[in-house]
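Written below as structure tokens is the structure these notes are about.
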Amino acid sequence: LAWNKQDDHYLAAISLDSPKATILDTRVPSIPAAEIQSQSLGSLNGIAWAPHSSCHICTAGDDSQALIWDLEDLPKDIEEPILAYTAAGEINQLQWSSEHPSWIAITFDSKLQILKV
């Protein structure tokens, strides 16, 4: 789970063994505001909102990709990421730096990478 750091009405959730992330608007929690699907059928393992923007979110997962999505047009479906990075292995975790918003950290295998976005 990840709360949007700029707009507290939005919450993102991923489920175990699922390639989808669900974006919920707490003002209408019974209907997803959007669903984001990874580029492959690999499961998502991490999700993080941009600390400096209410409409950017990063997902990462078993397909070795860290993907940044633009959610400015919610509640419209989001089909393509605006940025993509492919790691050398399945990404286990990610964190978007709140102090340095142009950096995202990911982990895969026994490695840590810090990505400049």
Side-chain angles (χ1 to χ4, degrees):
L1 294 171
W3 285 101
N4 187 314
K5 294 170 180 67
Q6 297 293 320
D7 185 344
D8 62 3
H9 292 116
Y10 290 103
L11 171 70
I14 56 175
S15 299
L16 183 65
D17 298 327
S18 174
K20 290 183 181 179
T22 303
I23 309 299
L24 297 171
D25 184 337
T26 58
R27 296 166 291 194
V28 188
S30 60
I31 302 168
E35 286 188 336
I36 301 169
Q37 173 123 7
S38 71
Q39 300 289 297
S40 69
L41 297 179
S43 298
L44 291 178
N45 298 324
I47 193 162
W49 289 94
H52 64 293
S53 168
S54 64
C55 61
H56 293 99
I57 195 165
C58 184
T59 60
D62 289 350
D63 62 0
S64 303
Q65 291 194 314
L67 304 171
I68 296 179
W69 306 83
D70 184 352
L71 307 181
E72 188 172 6
D73 294 332
L74 286 181
K76 180 182 155 195
D77 282 339
I78 310 303
E79 296 181 12
E80 295 291 325
I82 57 170
L83 286 172
Y85 173 78
T86 301
E90 295 178 359
I91 300 173
N92 303 324
Q93 233 181 53
L94 82 132
Q95 185 71 42
W96 204 320
S97 174
S98 58
E99 291 296 316
H100 305 283
S102 59
W103 294 98
I104 294 175
I106 60 170
T107 61
F108 59 93
D109 299 330
S110 61
K111 297 174 177 63
L112 164 73
Q113 281 190 336
I114 302 174
L115 311 173
K116 186 166 175 87
V117 296

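Residue indices begin at 1 and follow the sequence shown. Fair warning: this is a prediction, and the values are worked out from it, not measured in the lab.
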Side-chain donor/acceptor of Asn45 to backbone N/O of Ile91, under 3.5 Å: yes
field: For Leu44 against Lys20, the heavy-atom pair lying closest together
entry: CD1-C, 3.6 Å
task: Using side-chain contact (heavy atoms from CB on, under 4.5 Å) as the criterion, list what pairs up with Glu90, not counting sequence neighbours.
output: Asp62
query: If every non-hydrogen atom of Ser97 is compared with every non-hydrogen atom of Pro51, which pair is closest and at what distance?
result: O-CG, 3.1 Å
message: Same cluster or not: Val28 versus Tyr10, using hydrophobic residues (I, L, V, M, F, W, Y) connected whenever any side-chain heavy atoms lie under 4.5 Å apart?
response: no
query: What closest approach, in Å, do Ala66 and Cys58 show between heavy atoms, and which atom pair accounts for it?
result: CB-SG, 4.3 Å
Heavy-atom closest pair, residues Ile14 and Gly46: CD1-N, 3.6 Å
field: Interatomic distance, Thr59 atom OG1 to Gln37 atom CD [nearest 0.5 angstrom]
entry: 10.5 Å
query: Is it true that Ile31 and Leu24 fall in one hydrophobic cluster, defined by side-chain heavy atoms closer than 4.5 Å?
result: no
message: Within this structure, what is the OG1-CD1 distance for the pair Thr22 and Ile36, rounded to the nearest 0.5 Å?
response: 9.0 Å
message: Hydrophobic clusters here meaning ILVMFWY residues chained together by side-chain heavy-atom distances under 4.5 Å, can you tell me if Ile68 and Ile47 are in one?
response: no
field: Atom pair OG1/CD of Thr86 and Gln65 - distance to nearest 0.5 Å
entry: 4.0 Å
- prompt: Do other residues, nucleotides or ligands put more than 12 heavy atoms under 6.0 Å from the CD atom of Gln95?
  reply: no
Using atom types as modelled, flag every donor-acceptor pair under 3.5 Å from a side chain in residues 100-113 to any protein atom, sequence neighbours excluded.
unit_1, atom_1, unit_2, atom_2, d
Thr107, OG1, Gln93, N, 3.4
Gln113, OE1, Tyr85, OH, 2.6
Gln113, NE2, Tyr85, OH, 3.4

statement: Here the gap from Ser54 atom OG to Asn4 atom CG, rounded to the nearest 0.5 Å, amounts to 6.0 Å
query: Distance from Cys55 atom SG to Leu71 atom CG, nearest 0.5 Å?
result: 7.0 Å
- prompt: Quick one: salt bridge (Lys or Arg N to Asp or Glu O under 4.0 Å) partners of Glu72, sequence neighbours excluded?
  reply: none
field: Interatomic spacing from CG in Asp7 to CG in Leu11 - rounded to 0.5 Å
entry: 11.5 Å
- prompt: With hydrophobic residues grouped by side-chain heavy-atom distances under 4.5 Å, do Trp96 and Leu67 end up in a single group?
  reply: no
Joint cluster assignment, Val117 & Leu94, ILVMFWY side-chain distance < 4.5 Å: yes
field: Minimum heavy-atom distance Ala12-Ile57, with the two atoms named
entry: CB-CD1, 3.5 Å
